[in-house]
Amino acid sequence: MAQKLSVKWGQPVVIENRGGAAGQVGADHVAKARPDGYTLLVGNIGTQSINPALYKKLPYDPDKAFAAIGLIAELPLAMMVNPQVPAKSPREFIALARSQPGKLSYSSSGAGGAPHLAAEMFKDATGTYILHVPYRGGGPAIGDLLAGHVQLSFMTVLEASGHVKAGKLRALAVTSAKRVSALPDVPTLAESGLPDSIRSRGSDCWPRAAHHARSSRRSRPTCATCWRRMKSGTG
């Protein structure tokens with residue numbers, strides 16, 4: 001997306017991946033950045049909604065530090081397991097987890113993020129006990145799932161699809177209301193008979209609040225346009 005925006009804006013767009021604390025590290029960096037309209041946050045339900053609900057004190061105020069430009073994408077989560085796990089469906093995984101309470105574990109990008117919340121909602125809905133192993137960002141969480149150090153993880157469909165096609169991970173379900181084109185053979189959790197309460201997360205573009213107007217006029221149409229073109233493959 002940065003490359004597309006660089007072409008559209010006529011200047012370099014640099015991506016800084018500041019993982020940690022379920023998005024708090026990156027969000028705090030943008031919140032404290034110079035409010036000149038040049039530093040944007042790609043936030044999501046974790047940075048803007050879940051963290052304020054879970055933590056008594058955050059290093060930033062999500063209501064005052066940022067002003068939304070617009071929705072970039074809605075990203076369903078995929079329920080993923082290492083291929084060594086014998087379960088081929090959510091129901092089989094539930095049966096496996098119930099037969100081994102506390103012996104299976106799942107990774108997340110950090111406590112309080114959407115993957116963590118999705119897994120806890122899954123546990124609550126199914127009455128299973130699966131250990132949580134939080135990591136400093138999604139990369140390490142996926143890496144240990146690939147290595148077999150944990151058995152389960154929830155991640156975005158974009159993160160999951162490449163690993164599924166390469167045969168490195170198995171997708172058991174997606175959290176969207178309907179099946180997604182990136183993983184058309186993977187059922188939804190609702191199709192698998194689970195409550196339709198574990199849903200997608202959105203990614204939004206948020207500038208430092210002080211220069212919302214200038215950033216909004218420039219960024220709102222181009223972010224959405226670039227994302228649509230990337231999805232459709234039209235450049």
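Because the structure is a prediction, the values reported are computed rather than measured.
As a member of the Ile/Leu/Val/Met/Phe/Trp/Tyr network built from side-chain separations under 4.5 Å, Tyr129 groups with Leu131.
A continuous path of ILVMFWY side-chain contacts below 4.5 Å connects Leu54 to Tyr60, so both sit in one hydrophobic cluster. By the rule that hydrophobic residues join a cluster once side-chain heavy atoms approach within less than 4.5 Å of another member, Ile50 and Val25 end up as members of separate clusters. Under the 4.5 Å side-chain heavy-atom criterion for ILVMFWY residues, a single connected hydrophobic cluster contains both Leu5 and Val42. By the criterion of side-chain heavy atoms lying less than 4.5 angstrom apart, applied directly or through intervening Ile, Leu, Val, Met, Phe, Trp or Tyr residues, Leu145 is grouped together with Val133 in one hydrophobic cluster.
Under the rule for a salt bridge (charged side-chain N to carboxylate O under 4.0 Å, His left out), Lys165 has no partner lying at least two apart in sequence or in another chain. Considering only residues two or more places apart in sequence or on other chains, Thr126 meets the side chain to side chain donor-acceptor pair (under 3.5 Å) condition with Thr128. By the side chain to side chain donor-acceptor pair (under 3.5 Å) test, Ser192 is found to be paired with no residue, residues two or more places apart in sequence or in another chain being considered. Residues satisfying the salt bridge (charged side-chain N to carboxylate O under 4.0 Å, His left out) criterion with Arg18, sequence neighbours excluded, are Glu16. Annotation: side-chain contact (heavy atoms from CB on, under 4.5 Å) contacts of Val180 (sequence neighbours excluded): Pro76, Val157, Val174, Ser176, Leu183. Applying the side chain to side chain donor-acceptor pair (under 3.5 Å) test to Asp28 and every residue at least two apart in sequence or in another chain returns Lys32. Applying the salt bridge (charged side-chain N to carboxylate O under 4.0 Å, His left out) criterion to Glu191, with sequence neighbours excluded, gives Arg179.
Taken from NE2 in His163 to CD1 in Ile142, the straight-line distance is 5.0 Å, to the nearest 0.5 Å. In this structure, CG on Leu189 lies 5.5 Å from CG on Leu194, to the nearest 0.5 angstrom. The distance from atom OG of Ser105 to atom NZ of Lys103, rounded to the nearest 0.5 Å, is 13.0 Å. Atoms CD and OH, from Gln11 and Tyr38 in turn, are 5.5 Å apart once rounded to the nearest 0.5 Å. Put simply, CD1 on Ile130 and CD on Gln100 are 11.0 Å apart, with the number rounded to the nearest 0.5 Å. Rounded to the nearest 0.5 Å, atoms CG (Leu41) and OG1 (Thr47) are 5.5 Å apart.
Residues in residues 71-108 take part in these ring-ring contact (aromatic ring centres under 6.0 Å, His included) pairs, two or more places apart or across chains: Tyr106-His132. Pairs engaging residues 75-89 under the side-chain hydrogen bond (donor to acceptor under 3.5 Å, both in side chains) rule: none recorded [sequence neighbours left out]. The list of salt bridge (Lys or Arg N to Asp or Glu O under 4.0 Å) pairs with a residue in residues 118-137, not counting sequence neighbours, reads Glu120-Lys123.
Between Ala87 and Leu172 the shortest heavy-atom distance is O-CD2, 3.8 Å. Across every non-hydrogen atom of Leu58 and Pro62, the tightest pair is CD1-CD, 4.4 Å. The two residues Pro86 and Arg170 have their closest heavy-atom pair at C-NH1, 4.3 Å. Of all non-hydrogen atoms in Leu104 and Ala97, the two that sit nearest each other are CD1-CA, 3.7 Å. For the pair Pro184 and Ala182, the tightest heavy-atom approach, listed with the atom from each and the gap, is CD-C, 3.5 Å. Looking at every heavy atom in both residues, Arg91 comes nearest to Gly193 through NH2-O, 3.0 Å.
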Steps toward side-chain contact (heavy atoms from CB on, under 4.5 Å) verdict (Lys4, Val7): CA-CA 5 Å; Lys4 302 292 184 182; Val7 172; 6.0 Å; no
Trace of the side-chain contact (heavy atoms from CB on, under 4.5 Å) decision for Val186 with Val164: CA-CA 10 Å; Val186 179; Val164 172; 5.6 Å; no
From CA spacing to verdict: side-chain contact (heavy atoms from CB on, under 4.5 Å), Val30, Leu40: CA-CA 7 Å; Val30 176; Leu40 304 177; over 6 Å; no
side-chain contact (heavy atoms from CB on, under 4.5 Å) between Thr188 and Thr175, intermediate numbers included: CA-CA 6 Å; Thr188 66; Thr175 63; over 6 Å; no
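By the 4.5 Å heavy-atom criterion applied to side chains, His116 and Pro134 are not counted as neighbours.
Among Ser108, Ser107, Ser109, the one residue that satisfies the side-chain hydrogen bond (donor to acceptor under 3.5 Å, both in side chains) test with Ser153 is Ser107.
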